[in-house]
Number of protein chains: 2
Amino acid sequence: MAAPDRYHHGDLRAALIARAAEVVVADGVGALSLRELARDLGVSHGAPSRHFPDKQALLDAVALDGFHRLRLDLVTAAARPAASGSFRDQFADIAVAYVDFAVRNASLLALMFAAKHREEAPEELRAAVDRTFAAPLLVIEQAQRRGEVVHGEVEDIATAIMATMHGFAALIVAGLLHPDASGAMLTATVNRLVDGLRPR
Amino acid sequence: MAAPDRYHHGDLRAALIARAAEVVVADGVGALSLRELARDLGVSHGAPSRHFPDKQALLDAVALDGFHRLRLDLVTAAARPAASGSFRDQFADIAVAYVDFAVRNASLLALMFAAKHREEAPEELRAAVDRTFAAPLLVIEQAQRRGEVVHGEVEDIATAIMATMHGFAALIVAGLLHPDASGAMLTATVNRLVDGLRPR
DNA sequence: ACCTGAACACCGTTCAAGT
DNA sequence: ACCTGAACACCGTTCAAGT
């Protein structure tokens, strides 16, 4: 038998991050209270400060965790069998994965970008963001070599793609797009970017 | 002489919205306190509740005001002399205006989209959002008639354009794009969408 | 090392009372 | 009509004390 369960079950730090992420996804950052969190986990309200110096540090950890999960989704989408097809299909698969994550974790994604935005953002977070967007970058470079995508700076093209994916997700989350038609709309948006707005 | 200045100067409601917007832009929604707001304006902490039933109602009003200001910027950009040129130039002008607003009012824009996102969002807000994005829509339709933009559903094309603008702004705000190169990068992104990722 | 529990300064909201 | 000021329940943070 281990020590009596007067203290927490072992990994309060991980439990805090997990529960905080749940609350953020369900009700937004504004609904997150350290004291309530501590109550939920059965520890005193002072306990979290052992693992996070302040609330922002916990939020940063939640954001970091979010980027890890998003990265996993994107890597999975990029490695899909269907993703071995044309660049158009690869792009569509990644876009679906990104938008899915964004819609299912809207408040979390907002927190993730807000955390990254902070000047005092930990270096760990900046690195995680770069890694998160590495998968799409690779897909673009490969497509360029196959001649399916115009040559030129990869960053320029990646920027256009990431902006489109992120912006599309934001439009859905904001309720500017009918959720019913969002699937078809995303396909149309991907095709618009691939083919261009100008007639061919 | 009017009544002695024991009460507020006349339009506490407007003053609350204006000051709240300032605080949000400067330090984010999290830094907004009704009590501090009241202190800044020289009224008691209970006074705001005469004009807004709760904090969220004030935030909705701030968001509404933000959409009005954004709409003004977009309409101005669309009516520019240079904007009488090609669709590419019109699009670029509008995109610059949108990204400018987003960068200068990052936290406010986040609040605006979050407010729109709420299910209980007042009808007034939904209407303001539609009007805000009406100007870009008109530009697209005109360009379609001139044959500069592919035919098809205007909404599909507008979605691709709005997603790109909003997403680009989000990338800058998040610090994923070097601010120095952001001007050239925006031009490149606009051109990418106009010309397509696929070689011609 | 890790957690408790009291203390402090703050917050949003409510409401009887004032003018 | 509009604002005040006390009251209430909550919050984040700090810190001596316990195990």
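Chain letters run A, B, ... following the sequence lines, proteins first, then strands; residues in each count from 1. A quick note: this is a predicted structure, and the numbers were derived from the prediction, not measured.
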**Asked** Looking at residues 20-35 of chain B, who's got a heavy atom less than 4.0 Å off DNA chain C?
**Response** B:L32, B:S33, B:L34, B:R35

**Item:** A:K55 side-chain proximity, nearest of D:dA6, D:dT4, D:dG12
**Value:** D:dG12

**Message:** Just to be sure I understand the rule, does A:R13 reach a base, reach only the sugar-phosphate, or reach nothing, if contact means heavy atoms closer than 4.0 Å?
**Reply:** nothing

**Asked** Over how many whole Å does the gap from A:R39 atom CZ to C:dT4 atom P extend?
**Response** 14 Å

**Request:** Scan A:H51 against the nucleic acid and name what it touches under 4.0 Å (heavy atoms): base, sugar-phosphate only, or nothing.
**Result:** sugar-phosphate

**Message:** How many whole angstroms separate atom CG of A:D40 from atom P of D:dC11?
**Reply:** 11 Å

**Message:** Tell me whether B:D156 is salt-bridged to A:R192, with the criterion being a basic N under 4.0 Å from an acidic carboxylate O.
**Reply:** no

**Message:** For the backbone of A:F101 and the side chain of A:N105, can you confirm whether one donor and one acceptor N or O come within less than 3.5 Å of each other?
**Reply:** yes

**Asked** Nearest-Å distance, CG (B:L37) to P (C:dC11)?
**Response** 11 Å

**Complete:** For D:dT4, the nucleotide meeting Watson-Crick or G-U wobble distances (both under 3.5 Å) is C:dA16

**Complete:** Ranking D:dC3, C:dC3, C:dC11 by distance to the side chain of B:R50, first place goes to D:dC3

**Asked** Are A:E22 and A:R19 close enough for a salt bridge, meaning some N to O gap below 4.0 Å?
**Response** yes

**Request:** May I have the distance from A:L58 (atom CG) to D:dC11 (atom C1'), rounded to whole angstrom?
**Result:** 15 Å

**Asked** Rounded to whole angstroms, how far apart are CG on A:D11 and C1' on C:dC2?
**Response** 13 Å

**Item:** Base partner of D:dC10, which must satisfy Watson-Crick or wobble distances under 3.5 Å
**Value:** none

**Item:** Parallel, tilted or perpendicular: ring planes of B:F67 versus B:F133, cut at 30 and 60 degrees
**Value:** perpendicular

**Item:** A:H166 and A:Y98 aromatic ring geometry - parallel, tilted or perpendicular at 30°/60° bounds
**Value:** perpendicular

**Asked** Hey, is the main chain of A:L32 close enough, under 3.5 Å, to the side chain of A:K55 for a donor-acceptor pair?
**Response** yes

**Complete:** Residue pair A:S49/B:D54 against DNA chain C: nearer the 5' end by closest nucleotide is A:S49

**Prompt:** Quick one: A:H45 NE2 to D:dG12 P, roughly how many Å, whole number?
**Reply:** 10 Å

**Prompt:** Between B:L193 and B:V154, is there a shared hydrophobic cluster once you connect ILVMFWY residues whose side-chain heavy atoms come closer than 4.5 Å?
**Reply:** yes

